[in-house]
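Before any comments, here is the structure.
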Amino acid sequence: MIWFLLALHAVVVVAIAFLGRPLGRASLWLAAVPMAVTAAWSATRLGSGDVITAGFQWVPGLDVAIEFRVDAMGALLSVLVSGIGALVCVYAYGYFSPSATSIGRFAATLLAFSTAMVGLVWANSVWTLFIFWELTSITSFLLVGFKLADPVARTAARRALVITAAGGLSLLAGFVLFVDAAGTALLSEITPITGATANAAAILILVAAATKSAQFPFHVWLPGAMAAPTPVSAYLHSATMVKAGVILVAVIAPAFQDTDVWKPLGLSFGLATMVW
């Protein structure tokens, strides 16, 4: 079912990309379908206690695999991501006027972002998480810069991309060190790690989480990103993308609970942001 839902997202994204112009605002209803189906399926998993997995070896020689795992937390998060996404599509239908242009491009990109977020919350390997983490950065750049003729929106989109992409590089470096210290790339097999390598990995991963979640001093991209259409702010900047850092911290925290820097640095980011 995991592969079916991800494939459904991808197929509808492509369909809207080609048919969006004649469909107009109706493309938003089409984009809402995979989100609603995913939210409904995820809701049936809540409280079941079952864990559903899927995956394949991507680069066997390097032990790089694409792995997904839908457990209780994954199901809850995908209900939120996809459920809110479907509601935002409904809102966007009323937000845009019948004469608005490029609605197909908007709907396709919004659904692509939703796909990236679903993949992120279902990821069971650090490499899978990293791929979808970067996809959220790319799709959010396209959504923030949706108003192509607006220089303010273009500047805000570039600023958001630079900061979140830099965080992605920090995340990649952190994951490389994490896998070296932990001996596994699977999040479901995490055990506490310590030492200099673990501390370095913890710092890099927390920095990445802070960039995506607009924590001080990486918060500067978020106010400018509000130049995007209101449905983008409703979905990305209040409901989903800024929560990606929280999700990252939640799934990786068991590995760093015994390190010297994890809690002090995490609290520092949080307190500095709150005070600022």
Side-chain angles (χ1 to χ4, degrees), residues 9 12-13 16-17 20 23-40 42-43 76-121 132-133 135-150 152-161 163-164 209 211-215 218-248 273:
H9 279 72
V12 176
V13 167
I16 295 174
L23 285 175
R25 288 194 303 166
S27 59
L28 290 162
W29 292 115
L30 184 57
V33 171
M35 300 183 192
V37 171
T38 301
S42 299
L76 176 61
L77 290 173
S78 55
V79 166
L80 294 174
V81 168
S82 298
I84 293 174
L87 293 175
V88 166
C89 287
V90 174
Y91 170 77
Y93 183 85
Y95 174 84
F96 290 106
S97 68
S99 61
T101 59
S102 302
I103 303 304
R105 172 166 59 86
F106 178 86
T109 310
L110 193 70
L111 179 57
F113 172 83
S114 180
T115 307
M117 279 300 303
V118 169
L120 190 151
V121 301
F132 285 98
W133 179 279
L135 286 175
T136 62
S137 296
I138 295 169
T139 51
S140 66
F141 163 73
L142 298 173
L143 287 168
V144 173
F146 173 71
K147 301 174 184 177
L148 301 178
D150 185 350
V152 174
R154 293 201 304 269
T155 300
R158 287 195 294 266
R159 183 186 300 116
L161 180 64
I163 294 176
T164 57
T211 60
K212 187 75 80 173
S213 292
Q215 301 294 294
F218 308 108
H219 63 287
V220 293
W221 66 266
L222 185 57
M226 297 303 170
T230 301
V232 174
S233 299
Y235 194 31
L236 274 66
H237 307 138
S238 64
T240 53
M241 191 177 89
V242 293
K243 306 303 187 291
V246 180
I247 295 167
L248 172 63
T273 304

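All values reported here derive from a predicted model rather than from experimental measurement.
- One finds the OG1 atom of T230 at 8.5 Å from the CZ atom of F96 (value rounded to the nearest 0.5 Å).
- Contact detail for Y95 and P229: the closest heavy-atom pair is OH-CA, 3.8 Å.
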Side chain to side chain contact (heavy atoms under 4.5 Å, CB included) assessment of W29 paired with V90: CA-CA 7 Å; W29 292 115; V90 174; 3.7 Å; yes
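- Between F113 and L142 there is no side-chain heavy-atom pair separated by less than 4.5 Å.
- For the atom pair OG of S140 and CG of L161, the computed distance is 7.5 Å after rounding to the nearest 0.5 Å.
- Rounding to the nearest 0.5 angstrom, the gap separating the OG1 atom in T115 from the CE atom in M35 is 7.0 Å.
- The nearest pair of heavy atoms linking T273 to A214 is CG2-O, 4.3 Å.
- Counting heavy atoms from C-beta on, the side chains of T240 and K243 never come closer than 4.5 Å.
- The CG atom of L143 sits 10.0 Å away from the OG atom of S233 when rounded to the nearest 0.5 Å.
- A distance of 9.5 Å separates OG in S42 from CG in L76, rounded to the nearest 0.5 Å.
- Within the 4.5 Å cutoff, the side chain of P231 has no heavy atoms near those of the L110 side chain.
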- Dump the intermediate steps for side chain to side chain contact (heavy atoms under 4.5 Å, CB included) on F218 and K212, then the final yes or no. CA-CA 8 Å; F218 308 108; K212 187 75 80 173; over 6 Å; no
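- Put simply, the side chain of T164 does not reach to within 4.5 Å of the side chain of W133, judged on heavy atoms.
- Under the 4.5 Å side-chain criterion, counting only non-hydrogen atoms from C-beta, R158 is in contact with F141.
- Side chains of T136 and M117 form a contact here, defined as non-hydrogen atoms less than 4.5 Å apart.
- The two residues R25 and P98 make their nearest non-hydrogen contact at NH2-CG, 3.6 Å.
- When side chains are defined from C-beta on, S213 does not count as touching M241, because their heavy atoms never get closer than 4.5 Å.
- Residues S114 and Y235 have side chains that bring a donor and an acceptor to within less than 3.5 angstrom of each other.
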Exercise for the section: Would you check, one step at a time, whether the test side chain to side chain contact (heavy atoms under 4.5 Å, CB included) holds for L28 with F106? Expected result: CA-CA 8 Å; L28 290 162; F106 178 86; 4.0 Å; yes
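- The two residues V79 and A39 make their nearest non-hydrogen contact at CG2-O, 3.7 Å.
- Minimum interatomic distance between G224 and A156 (heavy atoms only, all atoms of both residues): O-CB, 3.1 Å.
- Residues V33 and V12 are not in side-chain contact: their nearest non-hydrogen atoms beyond the backbone lie 4.5 Å or more apart.
- Residues G24 and I103 approach most closely at O-CG2, 3.7 Å, considering heavy atoms.
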- Message: Show, in sequence, the C-alpha distance, side-chain angles and deciding distance for W221 and V144, and conclude whether the side chain to side chain contact (heavy atoms under 4.5 Å, CB included) test is met.
- Response: CA-CA 11 Å; W221 66 266; V144 173; 6.0 Å; no
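- A distance of 10.0 Å separates CG of D150 from CG of L148, quoted to the nearest 0.5 Å.
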